[in-house]
*Asks:* 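Sending over a structure as C-alpha cells; questions will come in a sec.
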Amino acid sequence: MSDLRELRYEPKAIEPKWQQVWADEHTWEVSNEDDGREAYYVLEMLPYPSGEPHMGHLKNYALGDAVAHFSRRSGKRVLHPMGYDAFGLPAENNAIKTGVHPRDATAASIASFQRQFREWGISIDWTREFGTHEPRYYRWTQWLFLQLFKRGLAYKREGSVNWDPVEETVLANEQVIDGRGERSGALVEIRQLEQWYFRITDYADRLLDDLDKIQWPDHVKTMQRNWIGRSVGAHVTFRNEELGKDYEVFTTRPDTLFGATFFVMSPEHPDVLALAEGTSQEEAVRDYVRRALLESNEDRGAADKAKTGVPLGRSVVNPVNGEAIPMYVADYVLMEYGTGAIMAVPAHDERDFEFATVHGLPIRQVIASAPGAEDELPLSADGVLVNSDARFDGKPNREALEQIVAWLDGEGRGRRAINYRLRDWLVSRQRYWGCPIPIVYCEQHGAVAVPEDQLPVELPDVTDYKPRGRSPLAAVEEWVATTCPECGGPARRETDTMDTFVDSSWYFLRYTDASNDTAPWDRAVADSWMPVDQYIGGVEHAILHLLYARFFTKAFHDIGLLSADEPFQALFTQGMITRDGAKMSKSKGNVIAPSAYVDRYGADTARCYILFIGPPDQDADWSDEGVEGVHRFLARLWRLGIEVGRGPADSPHAGDFANDADAVLTRKAHWAIDKVTHDLGDRRFAFNTAISAVMELVNEAYRQRESASPEVLRFAAATGASLIFPFAPHTASEVYENATGARVWETPWPAADPAMLVADTFELVAQVNGKVRDRLTAPADASREDLEALARSAPNVQAHLEGRQVVKVIVVPGKLVNIVVR
RNA sequence: GCGGCGGUGGCGGAAUGGUAGACGCGGCGGCCUCAAAAGCCGCUGGGCGAAAGCUCGUGAGGGUUCGAGUCCCUCCCGCCGUACCA
C-alpha cells in the first residue's frame with residue numbers, strides 16, 4: 001500500500017462528478033405509470049425557505065434519502081419529491097423592514113436550498129418541484145378552499161379570536177402557546193372579529209379513531225389525542241327560576257350530581273351581568289368580571305393561583321333533587337370549554353373543593369371508596385354512591401352514572417354528551433404574504449365564491465407591507481373593487497389571506513401530479529401513490545401540520561377527490577441537532593451551517609456523520625471530532641476501492657476459500673449485508689448501527705488485506721460501497737465503479753448468503769453460576785452433550801467446580817453452557 | 001398535576017433475557033519519517049495482582065430467573081409535551 005499512501009480522498013472531485021451524471025440522466029425521476037414494481041412514496045416535510053438550510057434540514061433529507069435509496073434498490077418505484085412552503089411571516093417581516101418584496105427574498109432562499117440539495121446529492125425528482133407561493137400552486141389551494149366552502153366546511157363567523165398585537169393578525173388556537181403568539185412571543189389579546197374557519201370539529205371523532213390505523217410514534221398520537229380532547233359525559237340542565245332561564249353544563253361525572261352544592265359561570269359568560277342585575281351583588285360582579293377580563297390568559301391560567309370568585313346573588317335548581325344551589329362567577333371556569341358554566345361538586349373535584357374551602361361552601365360526599373369507608377376528600381376515584389337517593393345509594397358509581405343520565409333524559413333535563421377541546425380552525429390572516437381567499441362580497445348576495453375559471457385570484461403587488469389592523473391588501477383599491485359573479489353588481493374582494501398551514505396541508509397530494517393544469521391532481525394518479533408510505537420530519541409539527549393535513553385528506557376523501565383518508569401511513573419524527581448541548585440559535589451564537597462541513601469534508605461525510613451520531617429520533621450533539629472520524633472511514637473505504645483494482649467482485653462460495661483470511665473477510669461481508677439490511681428494514685431507522693457495521697467490514701478488510709486474495713478484497717470493497725450507498729451516495733458510486741465498473745444504484749440491494757452467516761466453529765462461553773469462566777472454540781454442529789463436556793473440560797471451569805455439587809446445566813447451542821453448582 | 005421519553009466508560013453511543021461497553025471520538029504505545037503531518041498496527045471501565053486470574057460495575061433499593069442494562073415493584077433525577085378541559 002506504500003505507493004497508495006499519497007492518494008487522497010477528494011470529495012470535491014468525486015461529488016460533483018456523480019451529481020452531474022444523475023442530473024444529465026434524470027436518474028431520480030419517476031413515472032406515474034405502473035411498471036409492475038411496488039409504488040413507494042417517501043417524503044420529508046417540505047422546507048420553509050428562509051435564509052440557508054440548517055442542520056435540521058441536513059438530517060431530515062439525509063434520513064429521507066437513505067429510505068428512498070434503500071427502497072429503490074429493494075425493487076420499489078419510489079416517489080421522492082421536493083418543494084417549498086414559501087408563504088409566511090418571516091419573508092413578510094423582512095419585507096416590512098427592508099422593503100424587498102417577499103417574493104424576491106423567498107426566491108433567493110429557494111435558490112440556495114436548491115443548490116445545496118444538489119450539493120448534498122439528495123435523490124429528488126425535480127420535475128415535480130414547486131413553491132406554495134406560485135400561482136400555479138395556490139390556484140389549487142383556492143380551488144380546494146372553494147370545495148370546502150361549497151360543502152359548508154369553510155365558513156365565516158364572528159367570534160372571539162386570538163389577536164397577536166406584534167404580528168397584527170389573528171392566530172389559530174394551535175398557534176397560541178401559553179397565551180403568547182407562537183412566532184412573536186407577544187401576549188395575545190382576545191378580539192371579536194368576523195373570520196374564516198374550517199370545520200375541523202366535524203372530524204374530531206375520525207381524527208381520533210383513525211390514529212389506530214396509522215403507524216406513528218406513540219407520543220405524537222398521544223399529543224393529537226390530548227389536543228382533540230374528547231370527553232364522554234352528559235349535558236345537564238339547571239334552571240334559574242327568577243329569570244326563568246335554563247343553563248346547561250357539561251360534566252364527565254353525572255354520578256356526582258347529588259353532591260353539587262354550587263354552580264359557577266365563567267366571567268366571559270354572556271348572562272353573568274344580567275343575572276346579577278338588580279341583586280345586592282350587581283356591583284361586586286361587575287367589578288370581578290372587569291378585572292378578570294383585563295387579566296392576561298397567562299396570569300389567569302397560573303397553576304397554583306388561588307380560587308377567586310363572587311356570588312351572583314342568584315340560584316339554580318339541581319334537577320336530580322330539586323335543591324336550590326347558589327350561583328357564582330369565577331375565573332377558574334373557562335368560556336372556551338363546555339358551556340362556560342359548571343356544576344360544582346367539591347367533594348369529588350379538586351378545583352371545586354378548593355373554591356368551596358375558600359368561600360365556606362358546603363361539601364357533600366356522594367361517592368365512597370367502599371360502603372362505610374372514611375375517605376379523605378376530595379375523592380375523584382370510583383366507588384359506590386352514598387347520600388344520594390334511595391334508588392342509587394350503594395350502587396357502583398359507573399353503573400349509577402348511566403342510570404342517572406337515562407333518568408334525566410326521560411325527564412328532559414339531561415342527555416349523554418361528548419365534548420371536545422378541539423376548536424374549528426381559524427384560517428384568516430390579516431397579512432400580505434399568503435394565499436388570497438377566493439371570495440367576494442356583494443351587497444345583494446353576501447359572500448360569493450370566485451368562479452373556478454377565474455382562479456387564481458392573484459396576489460397584487462403593494463408598496464406598504466405593514467399590517468395596520470387590516471390586511472395590506474385592503475389598501476389596493478383597484479384590486480379590492482370587483483364585480484359580483486352572481487349579479488355583476490359592484491363587489492369587494494376578501495382582503496385576508498390564508499394561514500400558511502393551509503398551503504402545507506395538501507402539498508403531498510400535488511407532488512403526485514404536479515404539472516396537472518386542469519385539476520389539483522388526477523384522482524387515479526393520486527390514488528396510485530397515496531398515502532405517503534413514510535413521512536419524516538420534526539416533532540414540532542405533531543399537532544398543527546399533522547392534524548390539519550389529516551383533516552384535509554379526510555375532507556377530500558369525503559368530497560370524492562381521493563381514496564385515501566389518511567395522508568401519512570407511517571411517520572418518523574427526528575430529534576434535534578444541538579451544539580454544546582443547546583438548541584442552535586442566533587442569540588446563543590452556536591449556529592453551524594451544513595455548508596461549512598460540506599465544503600470542507602464533502603456531503604457524504606456530513607450526511608453520514610449526522611446519521612452515525614446516534615439514533616435519529618433522539619436529539620444529538622454535533623461534534624467536529626466525530627465528523628473527522630466519519631471522514632476517515634470514508635477515506636479508508638475509498639482507498640480500499642483503489643487498491644483492489646477493477647474486476648469481478650462476486651462472493652466466493654462457502655468451502656471455496658483459498659485461505660483463512662478469505663473466509664473471515666467473506667463472512668464479515670455477508671454479516672454486514674445482513675446487519676445493514678436488517679437495520680434499514682421495517683422502519684427501524686437504525687442508521688447509526690448500519691453505518692458502524694460497514695465500518696467493521698472496512699476495518700476487517702484492512703486487517704486481512706495482506707493475506708486475503710484480491711477477489712475477496714474486491715468483494716469486500718464493493719459490498720462496503722453498496723451498503724454505504726444510501727448514506728454516502730457519491731463515495732459509494734465512486735468506489736463501486738472503481739472496483740466493479742458498474743453503477744451501484746443500478747445494482748439490486750445485496751442479499752446475504754445464509755450459509756455465510758454461520759461459521760464452522762463458534763466461541764462457546766462457559767459459565768459457572770452465571771459467571772463467565774472461560775471461552776472455548778466449539779464446532780458449530782456440536783451436540784448439547786458435546787458442548788457440556790467441552791465446557792466441563794475447561795481448566796478454569798473445573799477450578800470452580802472443585803468440591804461443589806452440580807445441580808443443573810443449561811446449554812444454549814451456539815452460545816453458552818451454564819453449570820449451576822451448590 | 002397529568003402524559004411521553006430517557007439515565008450504560010473520559011465523551012457520542014452498542015447490546016432478540018445469554019460474553020456489558022459494538023462502532024466512533026478522545027487517550028496511550030508502536031511502525032513509517034531526518035522530523036512532522038497523513039497513513040498503518042495495537043492497547044484503552046474501576047480495584048487487587050508479577051502473571052494466571054479474582055472482584056466490582058448499566059441512577060437507588062427490592063423481586064422474578066440457571067442467568068437481568070433488558071422483565072416486575074417502589075423510589076430518585078433529567079428532558080420534552082400539556083395543563084383550572086369540569
Side-chain angles (χ1 to χ4, degrees), chain A residues 1-2 4-8 177-178 217-223 225-227 229-231 233 249-253 256 264 300-305 307 330-334 336-345 348-352 354-355 419-421 539-540 542-543 575-576 581 609 612-615 617-630 632-633 635-636 639 675 678 686 688-696 698-699 702-703 705 763-775 795-796 799 807-812 814-821:
Chain A
M1 193 126 174
S2 52
L4 294 171
R5 191 174 295 160
E6 295 307 316
L7 275 178
R8 278 181 54 89
I177 315 288
D178 290 338
D218 283 339
H219 66 279
V220 176
K221 289 188 182 183
T222 302
M223 284 165 74
R225 282 194 189 101
N226 291 344
W227 188 262
R230 178 185 149 111
S231 299
V249 301
F250 174 75
T251 175
T252 54
R253 294 296 303 273
T256 65
V264 191
R300 224 180 116 170
D304 43 6
K305 194 191 160 204
K307 294 276 177 292
D331 67 4
Y332 81 94
V333 174
L334 309 174
E336 310 89 78
Y337 187 78
T339 63
I342 62 154
M343 66 166 193
V345 184
H348 304 290
D349 180 282
E350 236 172 89
R351 296 153 300 176
D352 298 344
E354 213 183 303
F355 190 87
N419 201 58
Y420 300 91
R421 214 185 73 122
V539 72
E540 65 273 17
I543 296 173
M576 236 183 351
Y609 172 67
F612 178 69
I613 191 168
D617 55 336
Q618 284 173 28
D619 290 352
D621 205 54
W622 186 274
S623 134
D624 289 354
E625 291 75 23
V627 178
E628 300 259 9
V630 169
R632 271 197 285 272
F633 152 67
R636 275 159 71 84
R639 276 198 302 274
K675 171 76 175 154
H678 178 266
N688 55 330
T689 51
I691 293 167
S692 66
V694 184
M695 288 175 170
E696 285 194 58
V698 171
N699 289 345
Y702 270 72
R703 272 193 293 273
R705 74 188 197 282
E763 193 184 58
L764 177 70
V765 171
Q767 297 181 335
V768 178
N769 283 351
K771 287 197 195 317
V772 180
R773 294 307 176 186
D774 213 337
R775 286 161 196 167
N796 201 39
V807 294
K808 196 172 185 178
V809 179
I810 313 286
V811 180
V812 183
K815 288 256 190 239
L816 57 79
V817 173
N818 185 17
I819 301 171
V820 186
V821 298

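Note that these values count all heavy atoms, side chains included, but never hydrogens, waters or copies made by symmetry. The chains referred to below are lettered A, B, ... by the order of the sequence lines, with proteins before strands, and numbering in each begins at 1.
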*Asks:* Please state the P separation for the pair B/rG49 and B/rU33 - nearest whole angstrom.
*Replies:*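 It comes out at 41 Å once rounded to the nearest Å.
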*Asks:* Using the C1' atom on both, measure B/rG67 against B/rU74 and round to a whole Å.
*Replies:* 24 Å
*Asks:* Reading RNA chain B 5' to 3', what string of ( ), [ ], | and . shows its pairs, if Watson-Crick and G-U wobble pairs count only when both distances fall under 3.5 Å?
*Replies:* (((((((..(((.....[....)))((((((.......))))))((((....))))..(((((..]....))))))))))))....
*Asks:* Mind telling me if B/rG9 is syn or anti? Syn here is a glycosidic angle within 90° of 0.
*Replies:* syn
*Asks:* For A/Y420 and A/K771, find the nucleotide of RNA chain B closest to each by heavy atoms; which residue's nucleotide sits nearer the 5' end?
*Replies:*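 Result of the comparison: A/K771.
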*Asks:* Atom OH of A/Y337 to atom P of B/rA83: distance rounded to whole Å?
*Replies:* 13 Å
*Asks:* So A/R773, base contact, sugar-phosphate only, or nothing? Heavy-atom distance under 4.0 Å.
*Replies:*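 It contacts sugar-phosphate atoms only.
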*Asks:* Would you classify A/D621 as touching base, sugar-phosphate or nothing, given that sugar-phosphate means primed atoms plus P, OP1 and OP2, and contacts are heavy atoms under 4.0 Å?
*Replies:*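 The residue A/D621 makes no contact with any strand.
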*Asks:* Passes side-chain contact (heavy atoms from CB on, under 4.5 Å), A/H219 versus A/V539? Steps please.
*Replies:* CA-CA 9 Å; A/H219 66 279; A/V539 72; 3.5 Å; yes
*Asks:* Side chains of A/R421 and A/N226: is there a donor and an acceptor less than 3.5 Å apart?
*Replies:*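 Absent: no donor and acceptor within the cut-off.
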*Asks:* Quote, to the nearest angstrom, the P distance that separates B/rU58 from B/rA20.
*Replies:*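 Nearest-Å result for B/rU58 against B/rA20 at atom P: 12 Å.
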*Asks:* Pick the C1' atom in B/rG26 and in B/rG17, then give their distance to the nearest Å.
*Replies:* 33 Å
*Asks:* Rounded to whole Å, how long is the line connecting atom CG of A/N769 with atom C1' of B/rG67?
*Replies:* 10 Å
*Asks:* Think A/R636 has a side-chain N or O under 4.0 angstrom from the OP1 or OP2 of B/rC41?
*Replies:* yes
*Asks:* Holding to ring pair (Phe, Tyr, Trp, His ring centres under 6.0 Å), I want the full list of residues that pass it with A/W227, two or more places apart in sequence or in another chain.
*Replies:* none
*Asks:* How close or far is atom C1' of B/rA86 from atom CG of A/D349, stated in whole angstroms?
*Replies:* 6 Å
*Asks:* Quote, to the nearest angstrom, the C1' distance that separates B/rG21 from B/rG7.
*Replies:* 16 Å
*Asks:* Please determine whether side-chain contact (heavy atoms from CB on, under 4.5 Å) holds for the pair A/R705 and A/Y702, giving the CA-CA distance in whole Å, both sets of side-chain angles, and the decisive distance to 0.1 Å.
*Replies:* CA-CA 5 Å; A/R705 74 188 197 282; A/Y702 270 72; 3.6 Å; yes
*Asks:* Is A/R8 close enough to B/rA37 that one of its side-chain N or O atoms is under 4.0 Å from OP1 or OP2 there?
*Replies:* no
*Asks:* In this structure, how many angstroms lie between the P atom of B/rG12 and the CG atom of A/D624, rounded?
*Replies:*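 Computing the A/D624:CG to B/rG12:P distance gives 16 Å.
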*Asks:* OP1, OP2 of B/rC40 versus side-chain N and O of A/R639: anything below 4.0 Å?
*Replies:*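 Yes.
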*Asks:* Mind checking the C1' distance from B/rG3 to B/rU70? Whole angstroms is fine.
*Replies:* 24 Å
*Asks:* Closest approach to the side chain of A/R421, judged atom by atom: which nucleotide of B/rC40, B/rA83, B/rA86 is it?
*Replies:* B/rA83
*Asks:* Rounded off to whole Å, could you give me the CG-to-C1' distance for the A/D617 and B/rC5 pair?
*Replies:* 10 Å
*Asks:* Does the ring of A/F355 carry A/K307 above it, NZ/CZ under 6.0 angstrom from centre and within 45° of its axis?
*Replies:*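 Verdict for A/F355: no cation-pi partner in A/K307.
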*Asks:* State whether the side chain of A/N769 and the backbone N or O of A/V821 hold a donor-acceptor pair below 3.5 Å, judged by distance alone.
*Replies:*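 Answer holds: yes.
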*Asks:* If you define the side chain from C-beta out and look only at heavy atoms, does anything of A/F250 sit under 4.5 Å from A/T252?
*Replies:* yes
*Asks:* Treating primed atoms plus P, OP1 and OP2 as sugar-phosphate and everything else as base, which nucleotides of nucleotides 14-25 of chain B get B, S or - for protein heavy atoms under 4.0 Å?
*Replies:* SS--BB--BBSS
*Asks:* Report yes if some heavy atom in the side chain of A/Y332 is under 4.5 Å from a heavy atom in the side chain of A/I342; otherwise report no.
*Replies:* yes
*Asks:* Any side-chain heavy-atom pair from A/T256 and A/M343 closer than 4.5 angstrom?
*Replies:*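 Yes, at least one pair of side-chain atoms sits under 4.5 Å.
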*Asks:* Could you check how far CZ of A/R225 sits from P of B/rG3, rounded to whole Å?
*Replies:* 14 Å
*Asks:* In whole angstroms, how far is the C1' atom of B/rA86 from the OH atom of A/Y332?
*Replies:* 8 Å
*Asks:* Could you tell me whether a side-chain N or O of A/D619 sits under 3.5 Å from a main-chain N or O of A/G575, the two making a donor and an acceptor?
*Replies:* no
*Asks:* If we take the P atom in both B/rA15 and B/rA86, what is their distance in whole Å?
*Replies:*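 One P to the other, the span is 41 Å.
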*Asks:* Provide the distance between the two C1' atoms, one in B/rG46 and one in B/rG57, to the nearest whole Å.
*Replies:* 8 Å
*Asks:* Rounded to the nearest 0.5 Å, how far does CD of A/E354 lie from CZ of A/R351?
*Replies:* 10.0 Å
*Asks:* CG of A/D774 versus C1' of B/rA52: gap in Å, rounded?
*Replies:*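 Checked: the CG to C1' distance equals 12 Å.
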